[in-house]
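To start, the structure itself, in structure tokens.
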Amino acid sequence: NRKDLQNKFKTLILNKEVTKFKITGPSNDGKSTTLLYLSRKYYNIVYLNLKIINNLYQEKNIHDVLDILIYEFGRVKFNNDKLRNEFEDEFNKYLDQTPWIIITKLTEYLINKEIKIILILDQFSSTTVDAIFYDKIENKLNNMLKILISFSISDNKDFNNISNSLEKNRGNPSRLTKENQEYYFYY
């Protein structure tokens, strides 16, 4: 079902009204690999495997966390060197903060400079992400900032919403729209 996921991802990129895409499914079925592939296919897609970032941060491997963030946010295209240098300065201001604060601050900077990005938050779960971090990001969603959330069904405690989504839509909706972006898509 990789093709279906790709088509819905394109909708997330192109449709101004769609700001989020939430996917779930069994672990070890290729969601992460597909999302990593999609993030490399387009510019301004920031792929963050939250489980890895959280584990590295908990193990105090701060340099590895910063390397991941530098690499992923380094894939953002800037119109000129001045903006890129300002962005690097912004990044450097928060080196001693948590990864969640760094991501939030960098995202805010990009939105303020009207640079469109999509954050892929892979391996999302209540144990890997500070709820305040997610709320801050979600409250800023618009055509300039979009989000794709992916998690294994075993990491999602929201079984009622997943089953309600699937039941209401009789499976996955055929298209991603503004009206169904709050639903879970199962892959």
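Position 1 is the first residue of the sequence; numbering continues from there. Keep in mind that the numbers below use all heavy atoms, side chains included, and drop hydrogens, waters and symmetry copies.
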Under the 3.5 angstrom rule, does the side chain of Arg75 hit a backbone N or O of Ile45 as a donor-acceptor pair?
yes

Contact check, side chains of Tyr94 and Tyr109, non-hydrogen atoms, under 4.5 Å:
no

Is there a continuous path of hydrophobic side-chain contacts, each under 4.5 Å between heavy atoms, that joins Ile13 to Val18?
yes

Lys10 (side chain) donor-acceptor with Leu5 (main chain) under 3.5 angstrom:
no

Salt bridge check, Glu86 against Lys113: does any charged N sit closer than 4.0 Å to a carboxylate O?
yes

More than 12 heavy atoms of other residues, nucleotides or ligands under 6.0 Å from CG of Asp89: is that the case?
yes

If two hydrophobic side chains count as joined below 4.5 Å and joins carry through other members, does Ile70 share a cluster with Leu121?
yes

Taking Leu56's backbone N and O only, do any of them form a donor-acceptor pair with Asp64's side chain (distance below 3.5 Å, no angle check)?
no

What residues form a side chain to side chain donor-acceptor pair (under 3.5 Å) with Arg40, not counting sequence neighbours?
Glu72

Could you give all pairs that pass the ring-ring contact (aromatic ring centres under 6.0 Å, His included) test and reach residues 44-78, with sequence neighbours left out?
Phe78-Phe87

Run the side-chain contact (heavy atoms from CB on, under 4.5 Å) check on Thr107 and Lys140 step by step: do they pass?
CA-CA 9 Å; Thr107 302; Lys140 294 182 182 337; 5.6 Å; no

Atom of Thr104, atom of Trp100 and distance for their closest heavy-atom approach:
OG1-O, 2.7 Å

Tell me if the CG atom of Asn142 is crowded by more than 12 foreign heavy atoms within 6.0 Å.
yes

Hydrophobic cluster membership, Leu14 vs Tyr43, 4.5 Å side-chain cutoff
no

Before we go on, tell me: are the rings of Phe124 and Tyr134 under 6.0 Å apart, centre to centre?
yes

Working to the nearest 0.5 Å, report the span between CG of Asp4 and CD1 of Ile23.
10.5 Å

Using the rule that Ile, Leu, Val, Met, Phe, Trp and Tyr join whenever any side-chain heavy atoms are under 4.5 Å apart, tell me whether Ile149 and Phe133 fall into a single cluster.
yes

Salt-bridge contact Lys22-Glu182 (side-chain N to carboxylate O under 4.0 Å)
yes

CD1 of Ile68 to CG of Leu48: how many Å apart, nearest 0.5 Å?
8.5 Å

What are the two closest heavy atoms between Tyr187 and Lys31, and how far apart are they?
O-CD, 4.3 Å

Quick check: does any side chain N or O of Gln181 sit under 3.5 Å from a backbone N or O of Lys20, one acting as donor and the other as acceptor?
yes

How many angstroms lie between CG in Asn180 and NZ in Lys178, if you round to the nearest 0.5 Å?
12.5 Å

Any chance you could measure Ile111, atom CD1, to Ile117, atom CD1, to the nearest 0.5 Å?
6.5 Å

Spacing of Glu114 atom CD and Asn143 atom CG [to the nearest 0.5 Å]
10.5 Å

Take atom CZ of Arg175 as the centre, draw a 6.0 Å sphere, and report whether it contains more than 12 heavy atoms from other residues, nucleotides or ligands.
no

Identify the two heavy atoms, one from Leu35 and one from Ile120, that lie closest to each other, and give their separation to 0.1 Å.
O-CD1, 3.8 Å

Would Ser32 and Gln123 count as having a side-chain donor-acceptor pair, cut-off 3.5 Å?
yes

Within a 6.0 Å radius of atom NZ on Lys105, are there more than 12 heavy atoms belonging to other residues, nucleotides or ligands?
no

Ile102-Ile52 co-clustered via ILVMFWY side chain contacts under 4.5 Å
yes

Are Phe91 and Leu66 close enough that some pair of their side-chain heavy atoms sits under 4.5 Å apart?
yes

Contact between Leu119 and Leu148 at the side-chain level, heavy atoms closer than 4.5 Å - yes or no?
no

Would you confirm whether Asn15, through its side chain, and Thr11, through its main-chain N or O, come within 3.5 Å as a donor-acceptor pair?
no

So do the side chains of Ile115 and Val76 get within less than 4.5 Å of each other, counting heavy atoms only?
yes

Between Leu12 and Ile147, which heavy-atom pair has the shortest distance, and what is it?
CD2-O, 3.9 Å

Taking the six-membered ring for Trp and the full ring for Phe, Tyr or His, determine whether the centres of Phe21 and Phe9 are under 6.0 Å apart.
no

With rounding to the nearest 0.5 angstrom, report the CG to NZ distance, Asn44 to Lys77.
8.5 Å

Expected output: side-chain Asn54 to main-chain Leu50 donor-acceptor under 3.5 Å
no

